[in-house]
Every structure is written in structure tokens, then in C-alpha cells.
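For the single chain, residues carry numbers from 1 onward in sequence order.
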Amino acid sequence: MPENTARTRRCRDCDGFPTAAITTGRRNRDGSRHTIAVTCRTCDGTGTMPLHPRTAAGVEVHA
């Protein structure tokens with residue numbers, strides 16, 4: 001089995017829930033609420049962020 005070398009973590013802004021449905025206050029003809037889908041701008045809708053910018057660029061950081 002291939003080893004997964006990409007280390008990621010949950011996005012700090014959306015906490016892993018990158019898409020949310022928000023009501024606009026209007027209703028559709030059938031009576032249901034009109035909603036729009038909004039994605040997290042920080043993680044671009046993936047829900048994860050790299051651990052460190054240098055790690056994401058392929059440069060190892062030694063502490």
C-alpha cells in the first residue's frame with residue numbers, strides 16, 4: 001500500500017465543514033426556503049489545510 005506523505009489538518013476557519021447552506025429569507029413557490037451554498041474561502045471548499053506552508057511546498061522543516 002502506498003504511503004500517504006501529504007500531511008493535512010482541518011481548516012481552522014470552517015473546522016472541516018467547508019460548505020454551508022444559508023437561507024436568503026425568501027421562499028420558493030412551493031413554500032420551501034430559498035437557500036444558497038457558500039464555501040469556505042480559506043480552504044477553497046476542501047475542509048483541510050496544510051500543516052505548514054513550507055511542508056506544502058515540498059521543503060522539509062526540521063525542528
Quiz item: With sequence neighbours left out, what residues match D30 under salt bridge (Lys or Arg N to Asp or Glu O under 4.0 Å)?
Solution: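 With neighbours one apart ignored, the set is empty.
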
Quiz prompt | Atom of C14, atom of C43 and distance for their closest heavy-atom approach | solution =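 Here C14 and C43 meet closest at SG-SG, 3.8 Å.
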
Quiz prompt | salt bridge (charged side-chain N to carboxylate O under 4.0 Å, His left out) contacts touching residues 12-26 (sequence neighbours left out) | solution =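 Those involving residues 12-26 are R10-D15.
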
Show every donor-acceptor pair shorter than 3.5 Å between a side-chain atom in residues 34-41 and any protein atom, with sequence neighbours excluded, or say none if there are none.
unit_1	atom_1	unit_2	atom_2	d
H34	ND1	T24	OG1	3.2

Self-check item: Any side-chain heavy-atom pair of T42 and M49 under 4.5 Å
Solution: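 Result yes, sub-4.5 Å side-chain heavy-atom pair found.
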
Quiz prompt | side chain to side chain donor-acceptor pair (under 3.5 Å) partners of T23, counting only residues at least two apart | solution =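 Listed in chain order: nothing, the list is empty.
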
Quiz item: If you link I, L, V, M, F, W and Y whenever their side-chain heavy atoms are under 4.5 Å apart, who else ends up in the same group as F17?
Solution: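 So far as hydrophobic clustering goes, F17 is joined with none.
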
